[in-house]
Amino acid sequence: MKSSIRQGVKLLATGSAVPDLCISNDLISDIVDTSDEWIFNRTGIKERRISSSPTSLIDMAAKASMQALDKTQINTLDLDLIILATSTPNDLFGSASQLQAKIGASKAIAFDITAACSGFVIAMVTATQFIQNGSYANVLVVGADVLSKWTNWSDRRTCILFGDGAGAAILQSCSTVKNNILGFHLNTDGQKFDQLNISCEYSNFSDKCIYPGLRGNFKHITMHGKEVYKFAVSKVPQSIQSCLNSLNLSSESVDWLLLHQANNRILNAVASRLMIPAEKVISNLSKYGNTSAASIPLALNEALEDKKIKNGDLIVMSGFGAGLTWGTLIFRWYG
Ligand code: COA
């Protein structure tokens, strides 16, 4: 999809935050019938962080945001827009406004994007549109999720996978010649929504004023693991290839493949289909598991702090998950 670009976009800085509580595979083996060996062999996960506070989503999002902002000359009052990608809000009306209040960004408009594990990529694309069309100059994009609160801890097929975390990125407008965000490619297949979801169940209730009434109650994560696996390893390489083609770039020109951290086997299969060597795949899921919308910015921040990513590197970022949704964003890093 093409749009007229009036301003360029520069990714200035990133930040991240995770809860202190670390749950190892061995600990999970005390709760359900599994083992460290099974989990690690099938997923690459060793441990994950779990939050225990009701305010953890906003606390982590704020910590990651301030860490990113502290690396720039921008202060919170300079922010025009905050986009919070989360599927685990602490308010169904949205949580971004609480993040705006917590960091004191009173001049910023703030809203949530709900797109599960593709949330951060879709939020980055959305932020890019607002900057490129000249509407806003300084944008904070956050991916934060606390899936542990929606995990069925007696279901060994899912509870081994997820963890909590937050990651943030600061985007700023710049001249079009310095534009860092090169292109994107997004997809949705709503026919398969039930392959991975947290559904709302309704039950009848009677009330003096409203009759008959229905009351909603969200359930826990349900997933068809094999189907989701097949979806990821087939659709994600196609999305990346389409995006590369649209920019006349080859997969050899990719310096880093930054995929949603769902499963090492998925990461390796996608890389191998694109003929991208394993050394170019960023992976930190052994420490955090699948942190949904947080996973990409968490891994990006870590790779930048470790100085893995160098000036001018071409990075392919790709998210995929519930919806089903998937999408790719390609950018160059200039720190
Ligand atoms: N520990 C031990 N055994 C387990 C287990 C666990 N945690 N979970 C499932 N098993 C068992 C199953 O009961 C089954 O046993 P059976 O053959 O006796 O029936 C066997 O292991 C194989 O189960 P299966 O579901 O076929 O495993 P799998 O090879 O597909 O691996 C996943 C399961 C979840 C790791 C894999 O399907 C996957 O990674 N899918 C993608 C999930 C994902 O990334 N989701 C998020 C996307 S955003």
Side-chain angles (χ1 to χ4, degrees), residues 23-48 85-88 113-123 143-148 150-165 167 186-190 192-198 220-237 239-240 258-271 273 281 283-286 288-299 317-328:
I23 306 285
S24 67
N25 289 346
D26 285 335
L27 216 64
I28 293 208
S29 310
D30 293 341
I31 310 169
V32 289
D33 182 13
T34 189
S35 64
D36 174 48
E37 192 190 1
W38 195 96
I39 301 171
F40 186 68
N41 286 342
R42 300 278 174 129
T43 68
I45 299 166
K46 284 301 260 183
E47 57 193 33
R48 69 285 293 142
T86 187
S87 299
T88 51
I113 280 187
T114 306
C117 305
S118 308
F120 185 75
V121 171
I122 294 177
D145 265 311
V146 285
L147 278 180
S148 68
W150 300 97
T151 298
N152 176 357
W153 288 101
S154 59
D155 176 8
R156 68 176 182 173
R157 292 164 303 164
T158 52
C159 76
I160 56 160
L161 297 174
F162 301 105
D164 301 337
L186 302 177
N187 286 95
T188 300
D189 181 357
K192 298 190 176 140
F193 81 95
D194 58 355
Q195 287 190 356
L196 175 57
N197 69 333
I198 305 175
H220 44 64
I221 299 168
T222 58
M223 182 181 74
H224 298 282
K226 273 206 190 312
E227 296 310 312
V228 174
Y229 185 93
K230 281 190 245 167
F231 143 71
V233 301
S234 67
K235 297 295 185 189
V236 176
S239 164
I240 293 172
L258 174 55
L259 301 181
H260 164 52
Q261 305 286 298
N263 180 323
N264 261 344
R265 288 192 302 153
I266 295 177
L267 269 55
N268 294 334
V270 171
R273 284 185 186 208
V281 178
S283 169
N284 69 354
L285 65 81
S286 65
Y288 306 115
N290 177 343
T291 56
S292 193
S295 88
I296 290 176
L298 196 57
M317 178 192 275
S318 205
F320 53 89
L324 297 175
T325 54
W326 62 105
T328 300

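Read the numbers this way: they start at 1 and go in the same order the structure lists the ligands and their atoms. For reference, positions follow the sequence shown, starting with 1.
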Quick one: does S29's side chain have a donor or acceptor within less than 3.5 Å of a partner on N25's backbone?
yes
If only atom types and distance count, is the side chain of S118 paired as donor or acceptor with the main-chain N or O of T325 below 3.5 Å?
yes
Face-on cation placement of K46 at F40 ring, 6.0 Å and 45° thresholds:
yes
Spacing of L27 atom CG and R48 atom CZ [to the nearest 0.5 Å]
9.0 Å
Does any donor atom in the side chain of N290 or H260 lie under 3.5 Å from an acceptor atom in the other side chain?
yes
Ring centroid separation for W326 and F231, is it under 6.0 angstrom?
yes
Show the distances, to 0.1 Å, for all pairs joining an N/O atom of ligand 1 and a protein N/O atom that are shorter than 3.5 Å, listing one pair per line.
unit_1, atom_1, unit_2, atom_2, d
ligand 1, 1 (N), T34, OG1, 2.6
ligand 1, 3 (N), W38, NE1, 3.4
ligand 1, 3 (N), R156, NH1, 3.4
ligand 1, 7 (N), T34, OG1, 3.1
ligand 1, 7 (N), R156, O, 2.9
ligand 1, 13 (O), R156, NH2, 2.9
ligand 1, 26 (O), K226, NZ, 2.9
ligand 1, 27 (O), R42, NH1, 3.3
ligand 1, 29 (O), R42, NH1, 2.5
ligand 1, 30 (O), K226, NZ, 3.1
ligand 1, 37 (O), G225, O, 3.3
ligand 1, 39 (O), N263, ND2, 2.6
ligand 1, 40 (N), G225, O, 2.9

